[in-house]
Protein chains: 2
Amino acid sequence: MKIGELSKATGTNIETIRYYERIGLLPAPLRTNANYRSYGDAHRTRLSFVRHSRDLGFTIEEIRSLLDLSDHPDRDCGDADRIASAHLEQVEAKIDQLSALRDELTRIVGRCRGGLAGDCRVIEALGDHGQCSRAH
Amino acid sequence: MKIGELSKATGTNIETIRYYERIGLLPAPLRTNANYRSYGDAHRTRLSFVRHSRDLGFTIEEIRSLLDLSDHPDRDCGDADRIASAHLEQVEAKIDQLSALRDELTRIVGRCRGGLAGDCRVIEALGDHGQCSRAH
DNA sequence: TATGCACCCTGTAGCAACTACAGGGTCAAG
DNA sequence: CTTGACCCTGTAGTTGCTACAGGGTGCATA
Ligand SMILES: [Zn+2]
Ligand SMILES: [Zn+2]
Ligand SMILES: [Zn+2]
Ligand SMILES: [Zn+2]
C-alpha cells in the first residue's frame, strides 16, 4: 500500500508517518519505481501499535522500548510492565493536578458578576495566589 | 531589583523572565549603567500574575488578553470571564480524557502475569485497540 | 592591586511530537 | 495533453520554555 492508504488505514497523518520513519520508529519501506513508499501488513500493524500507544499517552521513547520488546518475544516482559505502570502513575498524578486546577478555576470563575475589568474578581484572583484555597 | 532578585521573588527562572520580555509579555525594564535590567514593584506584580495564570494552565496568548484587560480597568470584563470559563471547560475535558486513559491503562497493566514478551498481554493490548472497553 | 567569584548580558540552539509548507516529480482519466 | 490527485525531499514553524557559549560587571578578599 502507498503512504496515503496506510494513512487512512491507521488514522495517521502522512507527515507523521514520514516523521516516524525519520526518527527510526518505523522501518523504511520498499520503494516503487517512482520512488513511492510501499508498505505491507507488518508496517500497518507496527504503526497501529505506535498510534494506539500514543493515544494512551506513551512517549516516543517509551514506545521505542515497547516495540523493541515486541520485536524480541524471547525476552522477559518485565520492562513493558514497568513502563506501563510508571505511565499509569503519571496519568494519575496528572489527573490529581488537573482536579486541583479545576477546583480553583471553578471558584475563580464563579466570582465574576460582570462589570468593569477594574472591579473584576477573576482578574484580581489571577494576580493573587493567596486567594487560592489549596496548592496547584 | 535586579533580575536575580525578581527571579527569587516570583519563583521564576531568569531565562524565563527574559523570554517573557522578548515575546512582549513583560515590558522592558530600565537598565543600569552596566546594562543590567532594573525592575520595580509593577514588574513583580505583573510577573506574579503571569506565573499564577500559567500555574493555572492558561496559555501565553490567553494571559496576553487577560493582562490587556487588567491594563484597561474601564473595559467590560466579559472577555476575562469567557477566557477563564473556556479554559475551565478544557481542563474538565482533559480530566475526562485522562480518566478514560487511566481506566484503560489500569486494565492493561493488570493483565501482565510476567514471563516472555511474546506472551505478554500488555504488549498485545497496546497493539489492539479492539481490546479497549471504551474510547480514549 | 590582582584575582576570584557571583552575577549579568546577547544570541542561538535544543526539547517533544508533530505540522506545514515550498518546490518539485508521477500517474491515470478525460 | 492537460488537469488533478497523489507522492517526494528538505526545511521551518508550533508551545513554553531551558541550556549553553562567549563575553562583561561588581564586590570582597589576599
Ligand atoms: Zn469579571
Ligand atoms: Zn493559586
Ligand atoms: Zn507482561
Ligand atoms: Zn484503545
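Just so it is clear, the values below take in all heavy atoms, side chains as well, and ignore hydrogens, waters and symmetry mates. Numbers restart at 1 for each chain; the letters A, B, ... are given by sequence-line order, proteins then strands. Just so it is clear, the model here is predicted, and its values are computed rather than measured.
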If the condition is side-chain contact (heavy atoms from CB on, under 4.5 Å), which residues does B:Gln131 pass it with, not counting sequence neighbours? B:Arg111, B:Glu124, B:Ala125, B:Asp128
Check side-chain contact (heavy atoms from CB on, under 4.5 Å) between B:Asp96 and all other residues, then give those that pass, not counting sequence neighbours. none
Identify, with sequence neighbours excluded, every residue that meets side-chain hydrogen bond (donor to acceptor under 3.5 Å, both in side chains) alongside B:Glu5. none
Which residues pass the side-chain hydrogen bond (donor to acceptor under 3.5 Å, both in side chains) test with A:Arg44, sequence neighbours left out? A:Asp41
Sorted by first residue and then second, give each ring pair (Phe, Tyr, Trp, His ring centres under 6.0 Å) pair with at least one member in residues 93-116 of chain B; sequence neighbours left out. none
For residues 82-135 of chain A, pull every pair meeting ring pair (Phe, Tyr, Trp, His ring centres under 6.0 Å), keeping only residues two or more places apart or in separate chains. A:Phe58-A:His87, A:His129-A:His136, A:His129-B:His52
Quick one: on DNA chain C, does B:Tyr39 or A:Arg54 contact a more 5' nucleotide (nearest heavy atom)? B:Tyr39
With sugar-phosphate taken as primed atoms, P, OP1 and OP2 and all else as base, the protein-contact string of nucleotides 19-26 of chain C at under 4.0 Å (heavy atoms; B, S, -) is BBB---BB
Set of residues satisfying ring pair (Phe, Tyr, Trp, His ring centres under 6.0 Å) with respect to B:Tyr19, sequence neighbours excluded: none
Ring pair (Phe, Tyr, Trp, His ring centres under 6.0 Å) involving A:Tyr20 - partner list, sequence neighbours excluded: none
Which pairs, with at least one residue in residues 25-38 of chain A and sequence neighbours excluded, count as a side-chain hydrogen bond (donor to acceptor under 3.5 Å, both in side chains)? A:Glu21-A:Arg37, A:Arg31-A:Asn35
Can you measure [X] atom [atom1] to [N] atom [atom2] for me and round it to whole angstrom units?
| X | N | atom1 | atom2 | result |
| --- | --- | --- | --- | --- |
| B:Tyr20 | D:dG16 | OH | P | 9 Å |
| B:Asn35 | D:dG23 | CG | P | 17 Å |
| A:Glu61 | C:dC15 | CD | P | 11 Å |

Give the angle between the helix axes at the two ends of the helix from C:dT1-D:dA30 to C:dG30-D:dC1, taking five base pairs at each end and rounding to 10°. 30°
Distance-minimising heavy-atom pair for A:Leu69 and B:Ala117: O-CB, 3.5 Å
Does anything in residues 86-96 of chain B reach DNA chain D, meaning a heavy atom under 4.0 Å, and if so which residues? none
State whether the side chain of B:Ser7 and the backbone N or O of B:Ile3 hold a donor-acceptor pair below 3.5 Å, judged by distance alone. no
A:Arg37 vs D:dT9: side-chain N/O to OP1/OP2 distance below 4.0 Å: yes
